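Every chain is numbered from 1, with letters handed out A, B, ... down the list of sequences. The structure presented is a predicted model; accordingly, all values stated were derived computationally and were not measured.
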Amino acid sequence: MTVITRFAPSPTGYLHVGGARTALFSWLYAKKTKGEFVLRIEDTDRERSSEASVQAILDGMSWLGLDHDRGPIFQTDRFDRYEQVIQQLLDEGKAYRCYHSQQELDDMREQQKAKGDNPRYDGSCRNLSAYPEDKPHVIRFKNPLDASVVIDDLIRGHIEISNTELDDLIIARTDGTPTYNFTVVVDDLDMGITHVIRGDDHINNTPKQINILHALNAPIPKYAHVPMILGDDGKRLSKRHGAVGVMQYRDDGYLPQALLNYLVRLGWSNGDREIFSVDEMIDLFSLEAINKTPSAFNTKKLNWLNQHYMKTLPASEVAVHLNWHLVEQGINATNNAKKSAVIEALIPLYAERTETLKQLASQIRFMFEDFKEFDVKAAKKHLKITAGEALSTLKVSFESLVDWNEASIQNAIDETMTKLDIGMGKIGMPLRVAITGSGQSPGMDILCALLGKEATLARLDKALSFIEQRKLQAEQR
RNA sequence: GUCCCCAUCGUCUAGAGGCCUAGGACUCUUGGUUUUCAUCCAAGCAACAGGGGUUCGACUCCCCUUGGGGACACCA
């Protein structure tokens, strides 16, 4: 039997990390079993659903690389089918019309709560003598009155809920539109879903859905309820509470691979292993290894993974994502073979000292355009009057270089050190500030080589005149 | 209120009755490497919620308590 899983978000906002992880688990399981992954958009709530949200979900999925084999299927396209099934249930006496107004139901619940009872529909329309079709009504499913429903959850094991806890849920609203618990059942059935992998906030819906499935004489899929994700503060992650959209992570400079790796380890594990490529995830994944406990999102660990992937993924692959940030930050570094070679050379150098692509992009800006001003602290400390001699001597040495490369540059630096009898700190740091404008950077030899001779000399001049000016100011005082 | 689910370092987790003096990872601290900043390497801090059972033996099984989460919609 082919495994068919699905991800069924409702388009009421962006794709957040919790949803993304559920989608990932479903996707992985389908891939692992060489099954099928279906994307279904649950948009029966027309008031809250939006086109923009549909697009945001699609964008998030595609950025993560979670491709679907079928879909997206929209529930709003399937109203005819829902109506047909509702009619069938009505015909078979498994559902009935109910004429209570919303106000009456609210009052009923209110009273039950006041008495300390379970707030639920009392089933008083179950046995009416007549069911006029023209009078405003909803349609309710006749839930079994006794016995209990058993879920053999792949993650939680045996769960049993008594039918006396359940009431006759509404499957069609007054306007005739079907409701969630009903559409899910019809869809999962029609789409041949074999494994329902979803958040554990749906555990309570499962028995209702199973009862409807039974009424339809349908096979019961396997269920796997994955725990929720909590925020940094241990509170449940929700759209209102720190649940950042997946695309926000792209904007913040994370690689999809890093987010995927982070997400898969949230609630799932394979021994002590921390690093998983997508192929390895597929290979090692199993539903049984998913934890029962909710887990908290920890940005620090995500950062670590992100840096790990910036360092270890092929530079050409990182470059694809980095370029997006360069454009975003208005850094003119693309559309040029020479520049992309420089970028790829810069990636391993800077990946070691940044945690996100966003930071990386901003730190290599100096390579593609002149910086406006020196970092104040760095300039104060290293572009001192005494550094003038070192830089001007180095400049002469640089000018005479025929071959402009890492080795020759380092050689020139070494020679200058010997000549002036100074240490690396006295020349390396001034040079660093002169070239990059800041006090931290990778090795100066490689940086100068990548920057080019002409630009290097120009920056040296700039630093020299900065020092000159400083000297003048000092004399004036 | 009722029902359901959950419970190992701050966080993510390993642990399927003896392998546990509870392991790994992130974070943090300290040291080493390093021309800066990082990286890297080494070391350290740090947990089985509490109470009862079961058993020769419980982190592992059962019960209770406590704590957290979720659901009880004409939302999904």
Side-chain angles (χ1 to χ4, degrees), chain A residues 8-12 42-45 47-49 75 98 100-102 105-106 109 112-121 137-140 151 153 155-156 159-162 164-167 169-181 183-184 199-207 225 227-228 230 232 234-236 262 265-275 291-305 307 311 348-355 363 378 381-382 413 417 423-429 431-433 436 438-445:
Chain A
S10 58
T12 55
E42 311 218 322
D43 55 352
T44 54
D45 184 353
E47 291 197 1
R48 297 200 311 152
S49 300
Q75 291 190 318
C98 172
H100 290 290
S101 70
Q102 196 142 187
L105 294 172
D106 288 345
R109 267 189 284 272
Q112 288 165 330
K113 270 191 176 171
K115 275 201 298 184
D117 286 346
N118 232 349
R120 49 207 285 274
Y121 175 63
H137 64 272
V138 298
I139 296 170
R140 288 184 185 272
I151 311 168
D153 195 280
I155 295 171
R156 324 245 158 195
I159 299 171
E160 189 167 347
I161 294 157
S162 167
T164 57
E165 291 297 326
L166 274 25
D167 61 3
L169 71 152
I170 292 172
I171 57 178
R173 305 182 178 93
T174 307
D175 65 4
T177 57
T179 59
Y180 169 74
N181 280 110
T183 57
V184 167
D200 69 5
D201 49 336
H202 286 288
I203 289 183
N204 291 281
N205 290 143
T206 308
H225 287 100
M228 307 269 82
L230 277 21
D232 272 323
K235 291 231 175 67
R236 185 197 175 192
Y262 179 72
R265 282 285 291 104
L266 219 50
W268 176 82
S269 62
N270 186 268
D272 285 342
R273 189 162 182 161
E274 294 287 350
I275 304 296
N291 250 247
K292 296 188 187 112
T293 64
S295 36
F297 198 92
N298 183 236
T299 307
K300 292 246 176 86
K301 189 159 183 180
L302 206 213
N303 288 344
W304 170 73
L305 275 167
Q307 184 181 47
K311 288 192 302 190
L349 263 26
Y350 275 89
E352 290 191 348
R353 39 212 109 210
T354 50
E355 287 183 322
Q363 288 199 24
K381 191 168 176 194
H382 300 292
I413 295 173
M417 275 164 61
M424 192 63 197
K426 285 273 192 292
I427 189 166
M429 287 311 293
L431 177 61
R432 170 165 288 116
V433 179
T436 70
S438 91
Q440 303 106 297
S441 82
M444 293 315 298
D445 47 359

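Between rU11(B) and rU27(B), the distance separating the two P atoms is 16 Å to the nearest Å. Taking atom P in both rA7(B) and rG50(B), one finds a spacing of 15 Å when rounded to whole Å. Taking atom C1' in both rG15(B) and rG53(B), the straight-line distance is 23 Å, to the nearest Å. rU30(B) and rA46(B) are spaced 15 Å apart, taking the C1' atom of each and rounding to whole Å. Nucleotides rU34(B) and rU39(B) place their C1' atoms 10 Å apart, quoted to the nearest Å. Distance check on atom P: rA47(B) versus rC59(B) gives 15 Å, rounded to whole Å. Across the P atoms, rU13(B) and rU35(B) are found 41 Å apart, a figure rounded to whole Å. Taking the C1' atom of each, rC9(B) and rA25(B) are spaced 12 Å apart, rounded to whole Å.
Put simply, Asn291(A) has a side-chain N or O that comes within less than 4.0 Å of OP1 or OP2 on rA14(B). Taking only side-chain nitrogens and oxygens, Arg109(A) comes nearer than 4.0 Å to OP1 or OP2 of rA73(B). Contact annotation: Thr177(A) side-chain N/O to rC74(B) OP1/OP2 distance is not under 4.0 Å. Contact annotation: Lys300(A) side-chain N/O to rC28(B) OP1/OP2 distance is not under 4.0 Å. Under 4.0 angstrom from either OP1 or OP2 of rA76(B) there lies at least one side-chain N or O belonging to Thr44(A). The side chain of Ser269(A) contributes an N or O atom lying less than 4.0 Å from OP1 or OP2 of rA14(B).
A donor-acceptor pair under 3.5 Å is absent between the side-chain atoms of Arg432(A) and the main chain of Ala378(A), judged by distance alone. Although no hydrogens or angles enter the test, the distance criterion places no donor-acceptor pair under 3.5 Å between the side chain of Glu355(A) and the main chain of Trp304(A). Checking side-chain atoms of Gln307(A) against main-chain N and O of Thr354(A) turns up a donor-acceptor pair under 3.5 Å. Between the side chain of Ser269(A) and the main chain of Arg265(A), no donor-acceptor pair closer than 3.5 Å is present. Side chain of Tyr262(A) to backbone of Asn298(A): a donor-acceptor contact under 3.5 angstrom is found. A distance-only check finds a donor-acceptor pair linking the side chain of Ser438(A) to the backbone of Gln440(A) [under 3.5 Å].
For the pair Arg265(A) CZ and rC12(B) C1', the interatomic distance rounds to 6 Å; values are reported in whole Å. Between Lys292(A) atom NZ and rC4(B) atom P the separation is 16 Å, expressed in whole Å. Taking atom OH of Tyr350(A) as the reference point, atom C1' of rU39(B) lies 14 Å away to the nearest angstrom. With rounding to whole Å, Asp201(A) atom CG is found 18 Å from rC4(B) atom P. If you measure from atom CE of Met424(A) to atom P of rU36(B), you get 9 Å, rounded to the nearest angstrom. At whole-Å resolution of the value, CD1 in Ile155(A) and C1' in rC4(B) are 16 Å apart.
Taking only distance into account, the side chain of Gln112(A) never meets the base of rG1(B) through a donor-acceptor pair shorter than 3.5 Å. Not a single donor-acceptor pair, N or O on each side, falls under 3.5 Å between the base of rC72(B) and the side chain of Arg120(A). Put simply, the side chain of Thr174(A) and the base of rC74(B) share a donor and an acceptor less than 3.5 Å apart. Taking 3.5 Å as the limit, the base of rA76(B) and the side chain of Asp43(A) contain no donor-acceptor pair of atoms between them. Looking at Asn204(A), its side chain comes within 3.5 Å of the base of rG70(B) through a donor and an acceptor atom.
Proximity note for Arg353(A) (side chain, C-beta onward) versus rU36(B), rU11(B), rU8(B): the nearest is rU36(B). Nearest to the side-chain atoms of Glu165(A) among the listed nucleotides rU2(B), rC6(B), rC74(B) stands rU2(B). Distance from the side chain of Ile170(A) is smallest to rA73(B) among rC12(B), rA14(B), rA73(B). For Ile161(A), the listed nucleotide lying nearest its side chain is rC4(B); candidates were rC4(B), rU35(B), rA76(B).
Within 4.0 Å of His100(A), counting heavy atoms only, lies at least one base atom of the nucleic acid. Base contact: Ser441(A) has a heavy atom under 4.0 Å from a base atom. Residue-level contact check: Glu42(A) touches the backbone only, with heavy atoms under 4.0 Å from sugar-phosphate atoms and none from bases. When heavy atoms are screened at a 4.0 angstrom cut-off, Lys311(A) is found touching the sugar-phosphate backbone but no base atom.
Across every strand in view, rC28(B) sits in a pair with rG44(B) that passes the Watson-Crick or G-U test at under 3.5 angstrom. Under the Watson-Crick and G-U wobble criteria, each requiring two contacts below 3.5 Å, nucleotide rG1(B) is paired to rC72(B). In this structure, rU33(B) makes no Watson-Crick or G-U wobble pair, since no nucleotide meets both defining distances under 3.5 angstrom.
Between Arg156(A) and Ile151(A) there is no side-chain heavy-atom pair separated by less than 4.5 Å.
Mapping Ala351(A) and Gly428(A) onto RNA chain B via the closest heavy atom, the residue that lands nearer the 5' end is Gly428(A). Taking the nucleotide of RNA chain B with the nearest heavy atom to each of Asn270(A) and Gln75(A), the more 5' of the two is matched to Asn270(A).
No side-chain donor-acceptor contact under 3.5 Å links Arg48(A) and Thr12(A).
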